[in-house]
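Data first, discussion second: the structure below is written as structure tokens.
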There are 2 protein chains.
Amino acid sequence: MERLKQAIRTKGNVLSNEVLKVDTFLNHQVDVELMGAVGEEFARLFKDSEITKILTIESSGIAPSFMASARLAAPLIFARKKKSLTMNDNVFVSKVYSFTKRETNDITVSKDFLTSEDRVLIIDDFLANGQAALGLIDIVEQAGATVAGLGIVIEKSFQDGRKLIEEKGYRIESLARIHSLENGHVTFVDELVTTNNN
Amino acid sequence: MERLKQAIRTKGNVLSNEVLKVDTFLNHQVDVELMGAVGEEFARLFKDSEITKILTIESSGIAPSFMASARLAAPLIFARKKKSLTMNDNVFVSKVYSFTKRETNDITVSKDFLTSEDRVLIIDDFLANGQAALGLIDIVEQAGATVAGLGIVIEKSFQDGRKLIEEKGYRIESLARIHSLENGHVTFVDELVTTNNN
């Protein structure tokens with residue numbers, strides 16, 4: 001998605017070879033027009049997948065999911081992140097390890113909102129090591145529902161996430177795929193040939 | 001807002017005289033069409049207020065702010081909640097006490113996104129004791145920016161929040177004002193006469 005890539009180029013901040021900060025338009029301040037277009041693009045890509053629910057994770061997944069949920073007429077569920085869980089029988093729980101924060105969080109979804117009839121589109125802001133996505137997939141599977149696919153705003157293609165999810169046989173649509181953040185420069189996967197010729 | 005009140009009546013769950021659970025359409029599962037209409041209503045109410053930024057708080061404030069941000073063409077910022085803050089000079093911080101959770105959280109907003117030029121519309125899902133709203137107001141004031149007003153989805157009018165904010169001289173627009181949750185029944189402020197006649 002060219003407009004998203006342009007925002008990453010001009011407003012993203014490469015903090016290291018692994019870390020891209022996008023809090024000017026996605027993670028803290030939100031460019032709602034751009035995130036609306038992102039959501040519309042997810043809806044277009046999955047329009048034939050008979051989606052009944054959209055599942056994301058708080059907080060940064062909510063804005064890019066909003067218009068997808070509106071266009072696909074499928075309710076949006078955001079999983080909750082908690083450091084420690086109080087006992088509650090009515091939730092699906094999955095453990096998600098964050099490499100960045102070096103901590104494990106429980107993510108939870110109420111059993112009221114996912115059933116075995118559901119076809120679920122999972123949306124998240126980033127795909128890196130895939131731990132959050134795998135946690136969301138785990139929750140959909142616990143519900144006996146179908147993972148119809150994953151929509152990712154920004155994929156760090158130099159990390160393992162896509163491989164781990166493709167091994168499970170699921171479709172992933174990433175709107176911006178980053179090949180490298182080396183030398184403070186963002187290189188996208190689909191620019192590789194051009195970049196190598198420079 | 002009649003449609004919102006109807007959702008509260010039919011899909012809300014009164015857990016006690018103080019607690020209304022709305023996780024079927026606002027706090028966990030999101031009715032994006034309804035929250036879109038909520039955002040449009042905030043935009044209509046504040047269309048002449050020259051809003052330059054919308055400030056909310058993760059996670060439940062994001063969905064009701066989305067269309068307000070789009071219609072007012074003002075970027076959306078969501079404050080981050082953290083249990084303990086790592087030192088960071090580049091954020092505004094305010095302490096917010098939660099009566100429900102009986103804990104104090106720091107809420108933070110990057111100094112990059114609010115300036116003294118800004119006219120800020122604060123949006124939140126609930127107004128009860130007003131602690132979250134006062135924390136957001138505090139952050140806007142720290143930035144030297146102007147609080148143009150507050151847009152609240154659901155106000156528990158039997159608690160102190162509105163009074164505390166009106167004492168500071170700010171405009172509040174609440175789309176549903178709840179007079180009472182007594183006996184498991186939701187009574188709205190604008191239904192009082194009718195209800196008393198029943």
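Any value given below was found using the heavy atoms of this structure, including those in side chains, with hydrogens, waters and symmetry copies removed. Chain letters run A, B, ... following the sequence lines, proteins first and then strands; every chain starts at 1.
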*Do any of residues 120-140 of chain B come closer than 4.5 Å to chain A, heavy atom to heavy atom, and if so which ones, in number order?*
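Against chain A, none of the residues of residues 120-140 of chain B fall inside the cut-off of heavy atoms under 4.5 Å.
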
*What parts of residues 13-44 of chain B touch chain A if we use heavy atoms and a cut-off under 4.5 Å?*
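When heavy atoms of chain A are the reference, residues 13-44 of chain B contributes B:D23, B:T24, B:L26, B:N27, B:H28, B:Q29, B:V30, B:V32, B:M35, B:G36 within the under-4.5 Å range.
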
Answer with yes or no whether the hydrophobic clustering places [X] together with [Y]; edges join I, L, V, M, F, W, Y residues whose side-chain heavy atoms lie under 4.5 Å apart.
| X | Y | value |
| --- | --- | --- |
| A:L55 | A:I57 | yes |
| A:I107 | A:F113 | yes |
| A:L4 | A:I62 | yes |
| B:M1 | B:F66 | yes |
| B:V109 | B:V93 | no |

*Looking at A:A70, A:S65, A:A63, which has the largest count of heavy-atom pairs under 4.5 Å with chain B?*
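Of the candidates given, the most pairs with chain B belong to A:A63.
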
*With sequence neighbours excluded, tell me which residues meet salt bridge (charged side-chain N to carboxylate O under 4.0 Å, His left out) with B:D118.*
B:K53

*asked:* Strictly less than 4.5 Å between heavy atoms, which residues of residues 146-183 of chain A line up against chain B? Please order them by number.
replied: none

*asked:* Testing the basics here: between B:S60 and A:F78, what is the closest heavy-atom pair and its distance to 0.1 Å?
replied: OG-CZ, 4.0 Å

_Any non-hydrogen side-chain atom of A:S59 less than 4.5 Å from a side-chain atom of B:R80?_
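Touching, per the 4.5 Å side-chain cut-off.
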
